[in-house]
Amino acid sequence: MIRYIRPGRNRDSTIPLINVVFLILIFFLIAGTIAPRLDPDLDLVNTADLEGREPPDALVLHRDGTLSFRGNPIEAEAFMAAHESGPVRIVPDRDASASRLMEVTSSLRRLGAPTVFLVTEQALE
(Lines give C-alpha, C1' and ligand atoms only; values in the text may rest on other atoms or scores of the structure.)
Protein backbone atom coordinates (compact mmCIF):
# COMPACT_ATOMS: atom_id res chain seq x y z
CA MET A 1 0.00 0.00 0.00
CA ILE A 2 1.35 3.42 -1.00
CA ARG A 3 0.70 6.34 1.28
CA TYR A 4 0.27 9.76 -0.15
CA ILE A 5 2.17 12.47 1.77
CA ARG A 6 0.78 15.87 1.36
CA PRO A 7 3.52 18.50 0.89
CA GLY A 8 3.67 20.89 3.84
CA ARG A 9 3.29 24.60 3.37
CA ASN A 10 6.24 26.77 4.35
CA ARG A 11 4.54 29.80 5.81
CA ASP A 12 6.39 32.53 7.63
CA SER A 13 4.54 33.31 10.77
CA THR A 14 3.98 37.00 11.45
CA ILE A 15 2.94 36.41 15.04
CA PRO A 16 6.49 36.93 16.47
CA LEU A 17 6.74 40.21 14.57
CA ILE A 18 3.38 41.36 15.93
CA ASN A 19 4.48 40.41 19.46
CA VAL A 20 7.68 42.46 19.17
CA VAL A 21 5.83 45.51 17.82
CA PHE A 22 3.27 45.22 20.61
CA LEU A 23 5.99 45.03 23.28
CA ILE A 24 7.75 48.10 21.84
CA LEU A 25 4.44 49.97 21.87
CA ILE A 26 3.86 49.05 25.52
CA PHE A 27 7.42 50.12 26.39
CA PHE A 28 7.01 53.58 24.87
CA LEU A 29 3.61 54.06 26.47
CA ILE A 30 5.05 53.31 29.90
CA ALA A 31 8.26 55.30 29.35
CA GLY A 32 6.28 58.33 28.18
CA THR A 33 4.19 58.42 31.34
CA ILE A 34 7.19 58.30 33.71
CA ALA A 35 8.18 61.91 32.96
CA PRO A 36 6.67 64.31 35.48
CA ARG A 37 3.95 66.53 34.11
CA LEU A 38 4.23 70.30 34.17
CA ASP A 39 1.91 72.33 36.29
CA PRO A 40 -1.36 72.59 34.28
CA ASP A 41 -1.68 76.29 35.21
CA LEU A 42 1.72 77.08 33.67
CA ASP A 43 1.79 79.00 30.37
CA LEU A 44 5.20 78.77 28.71
CA VAL A 45 6.74 81.69 26.86
CA ASN A 46 6.47 81.47 23.07
CA THR A 47 9.74 82.44 21.37
CA ALA A 48 8.89 81.30 17.85
CA ASP A 49 8.62 84.87 16.52
CA LEU A 50 11.84 86.22 18.07
CA GLU A 51 14.76 87.10 15.85
CA GLY A 52 17.80 85.03 16.72
CA ARG A 53 21.16 86.74 17.14
CA GLU A 54 23.95 86.65 19.67
CA PRO A 55 23.77 89.03 22.62
CA PRO A 56 25.74 92.24 21.98
CA ASP A 57 27.89 91.68 25.06
CA ALA A 58 28.94 88.13 24.11
CA LEU A 59 32.28 86.81 22.98
CA VAL A 60 32.10 84.90 19.72
CA LEU A 61 34.31 81.82 19.32
CA HIS A 62 34.87 81.22 15.61
CA ARG A 63 35.52 77.83 14.01
CA ASP A 64 39.23 78.62 13.64
CA GLY A 65 39.52 79.23 17.41
CA THR A 66 39.75 83.02 17.32
CA LEU A 67 37.64 85.25 19.55
CA SER A 68 35.78 88.38 18.55
CA PHE A 69 33.73 90.93 20.44
CA ARG A 70 31.22 93.08 18.57
CA GLY A 71 32.83 92.13 15.28
CA ASN A 72 36.41 92.95 16.30
CA PRO A 73 39.08 90.32 17.06
CA ILE A 74 40.06 90.22 20.72
CA GLU A 75 41.96 88.05 23.19
CA ALA A 76 40.46 86.77 26.43
CA GLU A 77 42.84 88.90 28.54
CA ALA A 78 41.89 92.12 26.74
CA PHE A 79 38.21 91.29 26.97
CA MET A 80 38.37 90.67 30.72
CA ALA A 81 40.39 93.85 31.26
CA ALA A 82 37.64 95.91 29.59
CA HIS A 83 34.71 93.82 30.87
CA GLU A 84 32.92 94.92 33.99
CA SER A 85 32.35 92.31 36.65
CA GLY A 86 29.55 89.90 35.98
CA PRO A 87 28.85 86.83 33.91
CA VAL A 88 30.54 86.32 30.56
CA ARG A 89 28.63 84.93 27.58
CA ILE A 90 30.30 82.96 24.80
CA VAL A 91 28.65 82.18 21.47
CA PRO A 92 30.62 79.26 19.98
CA ASP A 93 30.53 78.37 16.30
CA ARG A 94 29.02 74.97 15.66
CA ASP A 95 32.33 73.77 14.16
CA ALA A 96 34.59 75.22 16.87
CA SER A 97 36.63 72.60 18.68
CA ALA A 98 35.54 71.60 22.16
CA SER A 99 39.11 71.73 23.44
CA ARG A 100 39.45 75.37 22.35
CA LEU A 101 36.10 76.18 23.99
CA MET A 102 37.25 74.62 27.26
CA GLU A 103 40.56 76.50 27.01
CA VAL A 104 38.79 79.85 26.53
CA THR A 105 36.32 79.11 29.33
CA SER A 106 39.12 78.17 31.73
CA SER A 107 41.12 81.28 30.92
CA LEU A 108 38.07 83.51 31.42
CA ARG A 109 37.43 81.93 34.81
CA ARG A 110 41.10 82.28 35.72
CA LEU A 111 41.00 85.97 34.69
CA GLY A 112 38.12 86.69 37.07
CA ALA A 113 34.83 85.84 35.35
CA PRO A 114 32.45 84.65 38.10
CA THR A 115 30.38 82.58 35.65
CA VAL A 116 30.65 81.74 31.97
CA PHE A 117 27.49 81.05 29.98
CA LEU A 118 27.36 79.32 26.60
CA VAL A 119 24.75 80.83 24.28
CA THR A 120 23.26 78.19 22.02
CA GLU A 121 20.43 77.81 19.57
CA GLN A 122 17.55 75.44 20.09
CA ALA A 123 15.81 74.50 16.88
CA LEU A 124 12.03 74.63 17.06
CA GLU A 125 10.39 72.26 14.64
Side-chain angles (χ1 to χ4, degrees):
M1 173 180 201
I2 300 176
R3 292 180 19 184
Y4 178 72
I5 301 174
R6 198 174 356 168
R9 290 188 245 164
N10 290 335
R11 290 188 302 165
D12 290 334
S13 177
T14 58
I15 292 179
L17 177 65
I18 292 170
N19 288 341
V20 169
V21 171
F22 181 70
L23 289 173
I24 290 173
L25 177 67
I26 296 296
F27 171 76
F28 283 114
L29 285 174
I30 292 172
T33 58
I34 291 176
R37 297 182 59 151
L38 291 175
D39 185 2
D41 298 332
L42 179 67
D43 290 329
L44 296 176
V45 176
N46 184 3
T47 60
D49 297 331
L50 293 180
E51 179 184 337
R53 64 176 182 262
E54 72 270 3
D57 62 340
L59 276 173
V60 178
L61 176 63
H62 298 276
R63 72 177 61 185
D64 60 357
T66 59
L67 292 172
S68 67
F69 180 67
R70 296 183 179 162
N72 300 319
I74 196 168
E75 293 296 322
E77 293 82 11
F79 175 78
M80 286 306 295
H83 183 72
E84 54 194 57
S85 65
V88 175
R89 290 173 180 79
I90 299 177
V91 181
D93 188 279
R94 181 182 312 259
D95 297 326
S97 72
S99 60
R100 176 65 176 144
L101 179 61
M102 292 303 296
E103 177 185 320
V104 169
T105 304
S106 297
S107 68
L108 289 171
R109 292 292 306 238
R110 189 177 59 251
L111 292 168
T115 54
V116 178
F117 292 108
L118 290 181
V119 180
T120 61
E121 173 186 50
Q122 180 177 4
L124 297 175
E125 297 180 16

Q. With sequence neighbours left out, what residues match L25 under side-chain contact (heavy atoms from CB on, under 4.5 Å)?
A. L29
Q: Please report the shortest heavy-atom distance between A76 and L108, naming the atom on each side.
A: CB-CD2, 4.0 Å
Q: Taking all non-hydrogen atoms of both residues into account, name the closest pair between F117 and P87 and its distance.
A: CE1-CB, 3.4 Å
Q | Value rounded to 0.5 Å, distance of CD in E75 from CG in L111 | A | 11.0 Å
Q) Taking atom CD1 of I24 and atom CG of N19, what is their separation to the nearest 0.5 Å? A) 11.0 Å
Q.
Has R109 got a side-chain atom pairing as donor or acceptor with V116's backbone, closer than 3.5 angstrom?
A. no
(Q) Looking at I15, I'd like to know if its CD1 atom is crowded, meaning that more than 12 non-hydrogen atoms belonging to other residues, nucleotides or ligands lie closer than 6.0 Å. (A) no
Q: Begin with the C-alpha distance, continue with both residues' side-chain angles, and end with the deciding distance and a verdict on side chain to side chain contact (heavy atoms under 4.5 Å, CB included) for V119 and I90.
A: CA-CA 6 Å; V119 180; I90 299 177; over 6 Å; no
Q) Can you tell me if R100 uses its side chain to pair, donor with acceptor, with the backbone of G65 under 3.5 Å? A) yes
Q.
Using the side chain to side chain donor-acceptor pair (under 3.5 Å) criterion, which residues pair with S107? Sequence neighbours excluded.
A. none
(Q) With clusters defined by side-chain heavy atoms of hydrophobic residues (ILVMFWY) lying less than 4.5 Å apart, directly or transitively, does V20 cluster with F27? (A) yes
Q: Could you please spell out the steps behind the side chain to side chain contact (heavy atoms under 4.5 Å, CB included) verdict for L59 and V91?
A: CA-CA 6 Å; L59 276 173; V91 181; over 6 Å; no
Q. So, for H62 and D93, which heavy atoms are closest and what is the spacing to 0.1 Å?
A. C-CB, 3.9 Å
**Q.** Donor-acceptor under 3.5 Å (T105 side chain, L101 main chain)
**A.** yes
